[in-house]
Asks: 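One structure, as structure tokens, below. Some questions next.
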2 protein chains.
Amino acid sequence: MPTDQDYLSQLQDYYADHRALPSLASLGQLVGLRSKSSAAALANRLKLAGYLTTTPDRRLAPTEAFFARPVVDTVRAGLPQPANDAGFDGLAIDSYLVARPSRTVLLVVKGDSMVEAGLMEGDHIIVDRAQPAAMGDIVVAIVDNEFTVKYLAKDKRGIFLKPGNPAYPPIRPQGELEIYGVVTGSFRKYR
Amino acid sequence: MPTDQDYLSQLQDYYADHRALPSLASLGQLVGLRSKSSAAALANRLKLAGYLTTTPDRRLAPTEAFFARPVVDTVRAGLPQPANDAGFDGLAIDSYLVARPSRTVLLVVKGDSMVEAGLMEGDHIIVDRAQPAAMGDIVVAIVDNEFTVKYLAKDKRGIFLKPGNPAYPPIRPQGELEIYGVVTGSFRKYR
DNA sequence: AAGCTTATAGAACGTTCGTTCGATTGCTCG
DNA sequence: CGAGCAATCGAACGAACGTTCTATAAGCTT
């Protein structure tokens, strides 16, 4: 007899295929329940368990937990890795990194002026164009018609751009400092 | 007058909020179209453009392109830069980072032993458990029952783990070196 | 200005949705 | 065996769905 976990796995597979959840009728058909009310009961159980929600128009929608994958701890646990991996859904990364897609832009890092912040040449940074910048944030500013990624800093002489690398000097804007956006994340691919 | 790109942005934000797409009626209300047929026409245009599909039960579903974020060039182009403009390269973060979902696991970096590789404490790394490790790769190995992230290296004395930080010594395995997986990417969130 | 094209509105349609409720099934335990 | 219970079924319901069609409004062309 299948458990709710099994059903959840099937739903996750369905989501991986279609990037959407089925209707209750289709859900029933998918997991082998013949009546819609049974499917509704299942959906309610999964809602209770925190895997599903409903959208404003009462459709099923996954929650964060629906995508959650075991983030393995650094210290190995006694047991071997839980094998219930129904498959990692990359979307978790997407929604983790990007809060407002329409205001988000990607940029590729040039140079090593932010190595202290862990930003290396070729890294992709996630830039939120709408978020207001605060002191200490990593920002994308426009200097001499070029994008530059630096810390936003302030001292008695005013606001300036501080590189995350002692080999580079701070940049003090002539007039107004034009900030393109705030860096909210970064990612990188090896190989 | 809003373009289809504007509408797409609104849909992307809706998806970021609910992890599902709205019905045609809700879509119309969302973007300010008063009739369902207009919303249907919009949906068809976005389908034609490759951003949307339909599930087996005729619901709207996003495609791969739907998740792509624009990548802007480091050098600012002459024109002011709209956040969402066709013609820029798009990149879907998740599928870029995760090639084989079912064999991929996330890990959180502890310590600073790989700073040279741009891996800082708290970063998430993407680990492919199935990929064979080659020399020079960043690997997750199991040493003293703990996960450790290091370069895989080899010299005349044999295979060893090389930290990306001169403050740490190389690790030479007693017997067999147990490799958990290969690091294929990493990501990090600021703030 | 008139005529044409395109986009949107609005209404009608049969279908499918999610919900509800009583009937039925299958299992447990005395 | 048979009563009790929980899960599932199956049918019914109004609401909402996506589709289709025609009418209206807005833009262009000439």
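Worth knowing before you read on, the calculation uses all heavy atoms, side chains too, and leaves out hydrogens, waters and symmetry mates. In what follows, chains are A, B, ... by sequence order, proteins preceding strands, each numbered from 1.
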Asks: Given atom CG of B:N44 and atom C1' of D:dT19, what is their separation to the nearest angstrom?
Replies: 10 Å
Asks: Mind checking A:S37 for me? I need base, sugar-phosphate or nothing, with any heavy atom below 4.0 Å counting as a touch.
Replies: base
Asks: Using whole Å, report how far NZ of B:K36 lies from C1' of D:dT19.
Replies: 9 Å
Asks: How about B:H124 and A:F187: are their ring centroids closer than 6.0 Å?
Replies: no
Asks: Could you tell me whether the phosphate oxygens of D:dT8, OP1 or OP2, come under 4.0 Å of any side-chain nitrogen or oxygen in A:S38?
Replies: no
Asks: For A:S23 and for B:Y7, locate the closest nucleotide of DNA chain C by heavy-atom distance; then report the residue assigned to the nucleotide nearer the 5' terminus.
Replies: B:Y7
Asks: In whole Å, I'd like the distance from the CG atom of B:L27 to the P atom of D:dC17.
Replies: 11 Å
Asks: So, A:K110 and A:D123, do they make that salt bridge, N to O below 4.0 Å?
Replies: no
Asks: Got a second to check how far A:R188's CZ is from B:I125's CD1, nearest 0.5 Å?
Replies: 11.0 Å
Asks: Can a salt bridge be assigned to the pair A:R100 and B:D17 using a cut-off of 4.0 Å between side-chain N and carboxylate O?
Replies: yes
Asks: Can you tell me the distance, in whole Å, between the CZ atom of A:R59 and the P atom of D:dC17?
Replies: 7 Å
Asks: Students often get this wrong, so: under 4.0 angstrom with heavy atoms, is B:A25 touching a base, only sugar-phosphate, or nothing?
Replies: sugar-phosphate
Asks: Could you tell me whether the phosphate oxygens of C:dT8, OP1 or OP2, come under 4.0 Å of any side-chain nitrogen or oxygen in B:R34?
Replies: no
Asks: Grab the CD-C1' distance between B:Q29 and C:dT8 for me, whole Å please.
Replies: 17 Å
Asks: Verify the contact: side-chain N or O of B:R45 to OP1 or OP2 of C:dT6, cut-off strictly under 4.0 Å; return yes or no.
Replies: no
Asks: Would you say B:R58 reaches C:dG14's phosphate, i.e. side-chain N/O to OP1/OP2 under 4.0 Å?
Replies: no
Asks: For the pair made of CG in A:D4 and C1' in D:dT8, what is the distance, rounded to whole Å?
Replies: 14 Å
Asks: Whole angstroms only, please: what is the CG-C1' distance between B:D57 and D:dT19?
Replies: 16 Å
Asks: Hey, does the side chain of B:D128 reach the backbone of B:T184 with a donor-acceptor pair shorter than 3.5 angstrom?
Replies: no
Asks: Taking atom P of C:dA7 as reference, at what distance in whole Å does atom CG of B:L48 sit?
Replies: 12 Å
